[in-house]
Protein chains: 2
Amino acid sequence: MTEENMAADPARTVELLWGAKEGHGRTGLNLTGIVAMAIEVADADGLPALSMRRVAERLGFTTMSLYRHVPGKAELMELMRDTVVGELGVAAPDHPESEPEDGDWRSGMEAWARAHWALHQRHPWLVHTAGSRRLPGPNIMADYDRALRIAEGTGLQASEVVAVVQLVGGFVKTAALQVHEVLREERESGVSNSQWWRSREELFEHMRPYPALGRMWQAGGFDERENPFDFGLARTLDGVELLIRRRRDEKCDVNALHPHAGQCLVCGSEWDGARRGRPRDYCSRACRQRAYRRRRSATSASAGSGGSVSSVGSAF
Amino acid sequence: MTEENMAADPARTVELLWGAKEGHGRTGLNLTGIVAMAIEVADADGLPALSMRRVAERLGFTTMSLYRHVPGKAELMELMRDTVVGELGVAAPDHPESEPEDGDWRSGMEAWARAHWALHQRHPWLVHTAGSRRLPGPNIMADYDRALRIAEGTGLQASEVVAVVQLVGGFVKTAALQVHEVLREERESGVSNSQWWRSREELFEHMRPYPALGRMWQAGGFDERENPFDFGLARTLDGVELLIRRRRDEKCDVNALHPHAGQCLVCGSEWDGARRGRPRDYCSRACRQRAYRRRRSATSASAGSGGSVSSVGSAF
DNA sequence: CCCAGGTGGTGTATGTCGTACACTAGTGCG
DNA sequence: CGCACTAGTGTACGACATACACCACCTGGG
């Protein structure tokens with residue numbers, strides 16, 4: 001009840017994730033074999049069907065034998081995560097000084113998102129392994145670093161780079177979730193999704209008084225859908241692009257467009273020029289808005305502002 | 001194994017959701033009381049702690065007594081979903097002819113997203129009730145219809161309106177998921193998140209060879225984070241706005257800005273004007289880009305296009 | 001040779017869970 | 001009175017993770 005899916009001993013988990021994968025050729029059980037079989041089971045029958053019993057049976061051992069090699073199910077799943085992310089083939093960078101990605105950030109980010117999308121196709125259970133304290137293994141770390149390197153190309157601030165990666169990673173996860181719920185239920189019930197919804201006449205009885213729903217229905221909005229992944233990814237990246245452009249305009253504001261002398265109360269940058277009109281406190285409209293938000297969140301320090309979180313490597 | 005969390009009898013579920021909530025004043029058990037207590041338990045102790053046993057105990061009845069009123073746990077959770085969405089207070093529209101939302105779509109969409117965000121704060125378990133075949137009850141239906149009415153204000157095509165609602169709803173869900181994982185683990189372990197990560201020195205040993213990670217770390221990208229919800233919502237809505245603008249420019253392009261005579265290979269629209277420069281195949285830059293994407297995706301027709309889904313009312 | 005100690009696999013037991021099934025007590029109606 | 005129906009109960013089953021005691025084997029040291 002207290003530590004639902006949490007690994008009890010993080011140090012041990014780190015050791016398992018980063019330790020030398022001892023493939024010492026024995027015939028009996030070993031860690032990599034257990035992880036591989038667990039992935040196989042989860043791929044085939046879904047995460048809820050993944051149990052220590054099943055994995056052990058498939059391997060021809062008893063349930064408890066697994067516990068000689070892995071401390072528990074939580075740790076096993078961490079290992080599964082890191083292993084499949086390894087399929088992306090992102091090796092650790094050669095040396096710590098390697099430069100940010102070349103090429104434009106957008107195509108890089110799109111490629112990163114699509115690679116993860118494909119990974120989620122192969123391993124649908126990935127979407128159900130969320131958690132802020134998932135310990136990143138070497139593969140997850142390398143992949144996350146790659147994402148950061150790509151996002152650095154936007155030229156945004158560090159906190160924004162992190163937020164961009166989190167946003168895009170989160171989007172991929174959501175899209176995968178939505179698609180896989182459909183596929184899972186089709187597989188489990190044996191009935192196609194459209195078929196299932198068509199036979200819900202008793203529901204459509206109640207749908208009369210909803211105007212927009214009816215309009216969308218008649219206009220075919222539910223028949224020929226946008227591909228939710230392509231559509232959402234395009235919008236998300238567009239949103240990031242707009243932020244970048246706006247930042248450029250902002251600097252432009254400071255230097256040329258709003259030439260009042262002074263110092264911005266938010267970002268501290270200075271500017272000068274002809275003094276006309278009312279003296280201003282902020283270098284740009286964006287900074288004024290930022291100050292407003294800051295004031296606002298300071299007074300109503302509401303629940304779930306999500307501040308002071310410092311997890312690393314959990315973009316997805 | 002076959003029907004993990006699926007209601008066995010959809011018709012019965014619809015009846016429960018849409019049926020007259022008989023509050024006939026009896027002293028014993030009734031549906032609304034069970035649902036209310038289940039919500040209370042889930043709010044307090046999380047979804048994994050929600051069991052038929054616990055709900056029954058809290059109500060002072062035996063486990064099996066619940067099954068006289070609700071067919072099973074899956075149906076109970078559908079009822080919980082619809083009940084809490086009812087807190088948003090979106091009544092069913094008065095008559096089927098009611099107009100699309102007035103006001104601009106953006107502030108409406110933002111308000112809708114923030115209302116759902118607040119709802120997810122109150123009921124964190126909502127994020128774990130996904131599924132393409134969740135049967136919408138009256139409250140969910142009313143709320144979804146409202147979202148569609150707002151999104152109609154964008155002037156986009158019907159399929160795009162649906163996709164926008166799905167995108168924004170999915171974003172809220174992801175953001176809530178990310179935040180609540182942090183809060184849950186803090187609550188369960190009694191250790192704050194930043195504290196927990198700080199004591200993972202054995203992990204930071206391995207973090208040396210990742211360049212971008214180090215740069216972000218030094219630049220403070222992990223210390224003072226963007227608020228992931230505000231940041232993501234702004235980017236997502238920006239992305240939608242850009243789509244709208246692009247649609248406008250498209251029409252504009254055809255009629256005035258690019259007056260070369262010809263017919264667009266993508267949208268088929270015609271234009272004419274002074275013939276100067278190289279003859280062009282597309283009416284606008286947007287259409288040229290669209291053609292490029294189409295060519296690109298046609299060659300690498302990857303798995304999981306996710307088409308032909310026709311679920312209704314599952315924006316989140 | 002014996003024997004201590006480590007390693008790897010096993011068997012049993014505990015406490016969860018959802019829910020099938022058979023049961024009882026109360027109620028209304030002919 | 002008998003009958004059917006309803007609401008609540010109790011027991012039981014098979015799933016689950018895993019704690020704990022146990023045993024078979026190997027290795028090295030005396």
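Proteins come first, then strands; the chains are lettered A, B, ... in the order of their sequence lines, and each starts at number 1.
- Inter-axis angle, ends of the helix from C/dC1-D/dG30 to C/dG30-D/dC1, five pairs per end, rounded to 10 degrees: 40°.
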Please test B/V168 against B/W112 for side chain to side chain contact (heavy atoms under 4.5 Å, CB included), starting from the C-alpha separation and ending with a verdict. CA-CA 9 Å; B/V168 176; B/W112 182 76; 4.0 Å; yes

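- Scanning for side-chain contact (heavy atoms from CB on, under 4.5 Å) contacts around A/A115 gives A/L88, with sequence neighbours left out.
- Side-chain contact between B/Q166 and A/R225: present, with at least one pair of heavy atoms (C-beta onward) separated by less than 4.5 Å.
- OP1 or OP2 of D/dG8 lies within a sub-4.0 Å distance of a side-chain N or O belonging to B/H69.
- The CG-C1' distance, from B/L47 to C/dT16, rounds to 16 Å in whole Å.
- Ring geometry, B/F222 versus A/Y144: the interplanar angle falls from 30° to 60°, so the pair is classed tilted.
- Atom-to-atom, CE of B/M52 to P of C/dG18 comes out at 7 Å; the value is rounded to the nearest Å.
- Within 4.0 Å of B/L50, counting heavy atoms only, lie sugar-phosphate atoms of the nucleic acid but no base atom.
- Looking at A/R53, its side chain comes within 3.5 Å of the base of D/dA17 through a donor and an acceptor atom.
- Residues satisfying the side-chain hydrogen bond (donor to acceptor under 3.5 Å, both in side chains) test with A/R53, not counting sequence neighbours, are none.
- Between the P atom of D/dA17 and the CZ atom of A/R54 lies a distance of 11 Å, rounded to the nearest Å.
- Between the side chain of B/R81 and the backbone N or O of B/T129 there is at least one donor-acceptor pair closer than 3.5 Å.
- Here the P atom of nucleotide C/dG15 and the CD atom of B/E57 are 15 Å apart, to the nearest Å.
- A/A176 is linked by a side-chain contact (heavy atoms from CB on, under 4.5 Å) to A/W117, A/H120, A/V127, A/H180, counting only residues two or more places apart in sequence or in another chain.
- In this entry the distance linking CD of A/E75 with C1' of D/dA17 reads 12 Å, nearest Å.
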Nucleotides 10-12 of chain C: which of its N/O atoms have a protein N/O under 3.5 Å away?
unit_1	atom_1	unit_2	atom_2	d
C/dT10	OP2	A/T62	N	2.9
C/dT10	OP2	A/T62	OG1	2.8

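- Between the side chain of A/D145 and the backbone N or O of B/L213 there is at least one donor-acceptor pair closer than 3.5 Å.
- Applying the salt bridge (Lys or Arg N to Asp or Glu O under 4.0 Å) test to every pair with at least one member in residues 56-65 of chain B, sequence neighbours left out, gives these pairs: B/E40-B/R58, B/D45-B/R58.
- Taking atom CG on B/L59 and atom P on D/dG8, their separation rounds to 11 Å, with Å as the unit.
- Between A/L31 atom CG and C/dG9 atom P there is a gap of 12 Å when expressed in whole angstrom units.
- If you measure from atom OH of B/Y67 to atom P of D/dT11, you get 17 Å, rounded to the nearest angstrom.
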